[in-house]
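The figures here come from the full heavy-atom set of this structure, side chains too, leaving out hydrogens, waters and symmetry mates. The chains referred to below are lettered A, B, ... by the order of the sequence lines, with proteins before strands, and numbering in each begins at 1.
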Amino acid sequence: MPYVLDLRELDKHSLPVVGGKNASLGEMIKAGIRVPPGFAVTTDAYIRFIDKAGIRDTLFQVLSDVNAGDVASLDGASGTLQRRIAETPLPSEIRDAIEEGYDRLCRECGVPETPVAVRSSATAEDLPTASFAGQQDTYLWIQGGARVTHHVQRCWASLFTSRAIAYRIRNQFPHEKVYISVGVQKMVNAKAAGVMFTLNPTDGDASKVVIEASWGLGETVVSGSVNPDRFVVDKVILEAGVKNISAKHIECVFDPKQGKVINAEVDPKRQCVCCLEDQEIKELVKIAKYIERHYGKPMDIEWAIDSDMAFPENVFIVQARPETVWSRKKTQSVIGAKSGYQLLMEQAMKRIKIPQ
Amino acid sequence: MAEEKAGRFPDPHEFQVPPELEGWEEMYPTHHLFSADRAEWEKQQFWYQDKIHAPDPLPPLDLIFQEAWQISLSQYTTRVFCIPPAQGIAQRLMGCYLYICAVAPPPPEIIQEKAGHFEKRVFYVFEHYDELWDKWLSKFKKLGNEMDAVNIPEELPKFVPEDKVIPAPTGYYVSYDIIAAFDTLVNQMFKGWQYHFEMLNLTYLAYLMFADVARKLFPGISESAIGKMVAGAYVSMFRPEEELCRLARLATSLRGAAEILKGANGVEEKISELNKTPDGRQWLEEYEKAKDPWFHVSCGSGWFHYEGSWITHPEIPFNYIKGYVERLERGETIERSLDNIEKQREAIVSEYRALIQTDEDRKSFDDAYKVIRTIYRYAEDHLFWVEHWFHTIWFKKIRQLGSLLAKNGMIESPSDIFMFNRYEIPELLTELSTWWALGEDIPHRGTYYKDKVKKRRKILDAARKWNPTPALGVPPEEVAEPFTIMLWGVTTDKVKEWLKGVDVSAGADMNEIKGFASSAGVAEGPARVLKLLKDIVDLKPGEILVCPSTNPSWAPVFTQIKAAVTDIGGLTSHAAIVCREYGVPSVTGTGISTSVIRTGDILRVDGDTGVVTIVKRAS
């Protein structure tokens, strides 16, 4: 199995080698959804790395003695293992594969040193549906082949944070059967970004798409560090019946001086300005409906709007996963099977209270 | 000024109209005024200004429509179809403006009794709707034609014609005709308004029922989405515009007709030019055919004599036709595709239907939809036939009577007749008959009537300049009357908005107004505030129309405006229907827009959320 696979080569069947996140991106690209270009560093690369570097046995040896309830023991093991991964040199064939993949991406984008997001995508053998959401690291705005490979290695290391270790012990996932893939994807220079749900998470109403959006990259929305603008849009007629505009005091943007993304203060004048245009809202809803139809279930989607490109080519999907809360509930009838006359009689008897 | 008591509007019995309106009461019948003998009841009701039917001060004779609907609407609810907890809608006048109130539900035993009748009578109507509608239309057309045929003498002859005396006297003459004519017209108007509500209350009830089902299944579904599922494309209301399109297309296919119609000449010159060629005559023939009934549309709502119609103001249809001819010559399509509208509606319904999660709910939705689709056409069609066609005939006949009065010096101009209420006009006509019958050199009280007209016109002008309070009395605890919610859009929020707007001076600082999101989309542009419907000529393309309520007869205007904002208009107000059909964003039922917004203010109208923002005030 190759160490690097273009996102376009992936689909839902690729999950064991590239993790759920990357497989889902590939699946969407195949379905014609606009996803930023990129590639996945496969779980094989990770396995090859720990084998070739001769650290496989040490890793799991250390872990076998950890007591999940003992913070000091967890932290100690985590520190040792993460250091070990970071300090072990990458085998050249893996380094070459990642750097070649990055160069190809730069050529495709026509931008030397294209900024990319480097994201972990963990997967458990025999447990394809296990959720490790949010446990592994994500690095934004990484530029240059050497820095990309460095951050791939950091992603691998994040498989051994105290939290990740404890989670696996608690859920009885054998450490040696949990692998990690890394996605390397062109950064969207986001004017605005956020998440959306293909049903209303508040009441489960399947006729709505709910969008949460803020200035800059979507990290502020995902992490809950701003009160996002919120739009509740009717799926059929595409009207935003609710538009709650919040004071979005910070935005996640790339700072060229520091060479990294930071949470910058938003100019007070811009804080309460709606961060999406009507046409962007409509486009997002259309995409959300399409994704939901493609997967055949309610979805939870991350998106971003590029500031350098023209509408609608600037609307990107960066992540999509099944919605879990409402999908698990049993659907119940709201009205029950009634005849038109019954309904009419009920209406006729109704009085509408006007609270004083 | 004393602070308003929180949560209530002025007491109608303490309320003072501006002094310039002094004497306004004498224009109207006493049962339409707040009165000491009914004070106890009146003080406890909630009276809100009816801007749908009477956005302007009421000329005395135009009150007849209001009198007629008060009876008819109420009786269908209380005594004909017996909607169990609902009662009628009562009217009062204050400073020449109409206020209405939904009467509180009757005692429980009456509700029970009504429920039995309701079940039997209402379900019958739904089962036989198509056949009932055919019957309705034919009897209504018959009534209108009878009104049109009422004999109104053009003048009072010096001597009655010989053929009316020999070989046998007819026995009654012009003096009888003029008295009888008005009585007949009044009776026909009342009958027409009885017909008006024949199925309307049920239509509104069905709409509310369907809207409720839709809201339960899709919480937060917008009115405009519900409206889109319900509204029909093949409705009479859109026929006048379709006829204009047809005539414009015909003109471009005939030799010379388009050129004449595009010219700067007045209507009369255009007609006489058209008459000179066979092609022109062919066009005129088609124009005449279209006139009855389709150009019997009011330039306003149909509720005021001064609005005029496409019949009294032929320059309006001619101008529209001119515009359409020009668009056709530029290669544009002018007709709306009705098939597409139908298809779009079906697509929307099936998309919502597919979102329903259980079979049981789908059955309820299907049944509810069937009920509303069966009857909804009535809401859309009756409007053309009653408020437009029938009222246009009425105004024509009344003007003929006015003309007779004016010719004989009782009033200055024919339209002065509208300055007298329907109980006073028989007095004028009886005096005219008497004066004619008495012979030569007899004085009549023309000066007295003319003075009265002058005084009344002055009061009405003053009333027009006054900004009346949106409501009087105490807001109700509950509403069970379908029209109140649906047509006037009276809800808790609405009442609160009104309470905010009671102090109109506060309006100067307001920059956001809420209403119903009745037609989707967002638009920004300069406002054109049209308090009087006849001012529509001032409207320029690209402006946002702000008015008490819009009307389907303005149809061609909707292709020019960016958005529409109205003071009053609920779920399926005329404005909401038309704006949706034309894809124009609109916010209706704002309550206070025409008093807060000024022409030239830059507005942002959000038809998705129902918010109107004043972006920039006109300097």
Option in [options] with maximal non-hydrogen atom pairs under 4.5 Å from chain A:
{"options": "B:Lys114, B:Glu119, B:Lys228, B:Lys216", "value": "B:Lys216"}
{"options": "B:Glu127, B:Arg362, B:Lys370", "value": "B:Glu127"}
{"options": "B:Asp606, B:Asp361, B:Asp367, B:Val371", "value": "B:Asp361"}
{"options": "B:Pro219, B:Ala225, B:Ala354", "value": "B:Pro219"}

Contact origin within [X] toward chain A - heavy atom pairs under 4.5 Å:
{"X": "B:Val213", "value": "both"}
{"X": "B:Phe123", "value": "both"}
{"X": "B:Ala347", "value": "neither"}
{"X": "B:Ile111", "value": "side chain"}

How long is the gap from [atom1] on [X] to [atom2] on [Y], to the nearest 0.5 Å?
{"X": "A:Thr198", "Y": "A:Met196", "atom1": "OG1", "atom2": "CE", "result": "9.0 Å"}
{"X": "A:Leu344", "Y": "B:Met209", "atom1": "CG", "atom2": "CE", "result": "5.0 Å"}
{"X": "A:Lys21", "Y": "A:Leu25", "atom1": "NZ", "atom2": "CG", "result": "9.0 Å"}
{"X": "A:Gln347", "Y": "B:Ile83", "atom1": "CD", "atom2": "CD1", "result": "10.0 Å"}
{"X": "A:Glu251", "Y": "A:Lys191", "atom1": "CD", "atom2": "NZ", "result": "12.0 Å"}

How are the rings of [X] and [Y] set relative to one another: parallel (under 30°), tilted (30 to 60°) or perpendicular (over 60°)?
{"X": "B:Tyr129", "Y": "B:Tyr378", "result": "perpendicular"}
{"X": "B:Tyr376", "Y": "B:Tyr207", "result": "tilted"}
{"X": "B:Phe365", "Y": "B:Phe218", "result": "perpendicular"}

In terms of heavy-atom proximity below 4.5 Å to chain B, should A:Lys235 be classed as side chain, backbone, both, or neither?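 Contact with chain B is through both the backbone and side chain of A:Lys235.
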
Taking atom CZ of B:Arg121 as the centre, report whether more than 12 heavy atoms of other residues, nucleotides or ligands fall under 6.0 Å from it.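 Yes, the 6.0 Å shell around CZ holds more than 12 heavy atoms from other groups.
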
Under 6.0 Å from the CD atom of B:Glu109, do we count more than 12 heavy atoms belonging to anything else shown? yes

Where is the tightest heavy-atom contact between A:Ala213 and A:Lys248, given as atom of each residue plus distance? O-CD, 4.0 Å

Which heavy-atom pair separates B:Gly525 from B:Lys562 by the least distance, and what is that distance? CA-NZ, 4.2 Å

Closest-packed option against chain B by number of heavy-atom pairs under 4.5 Å, given A:Val236, A:Asp205, A:Ile335, A:Ile237: A:Val236

Tell me which of these, A:Ser339, A:Ala206, A:Gly336, A:Ser333, has more heavy-atom pairs under 4.5 Å with chain B than the rest. A:Ser333

Neighbours of chain B found in residues 265-283 of chain A - heavy atoms under 4.5 Å: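 So far as heavy atoms go, A:Asp278 are the residues that approach chain B to under 4.5 Å.
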
Strictly less than 4.5 Å between heavy atoms, which residues of residues 286-309 of chain A line up against chain B? Please order them by number.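 Hits under 4.5 Å: A:Lys289.
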
Trace of the side-chain contact (heavy atoms from CB on, under 4.5 Å) decision for A:Val195 with A:Val222: CA-CA 7 Å; A:Val195 296; A:Val222 175; 4.0 Å; yes

Of A:Ile211, A:Asn200, A:Thr202, the residue whose pairing with A:Val232 passes side-chain contact (heavy atoms from CB on, under 4.5 Å):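 That would be A:Asn200; it is the only one of A:Ile211, A:Asn200, A:Thr202 passing the side-chain contact (heavy atoms from CB on, under 4.5 Å) with A:Val232.
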
May I have the step-by-step check of side-chain contact (heavy atoms from CB on, under 4.5 Å) for A:Ile250 and A:Ser225, ending in yes or no? CA-CA 8 Å; A:Ile250 53 166; A:Ser225 50; 4.0 Å; yes

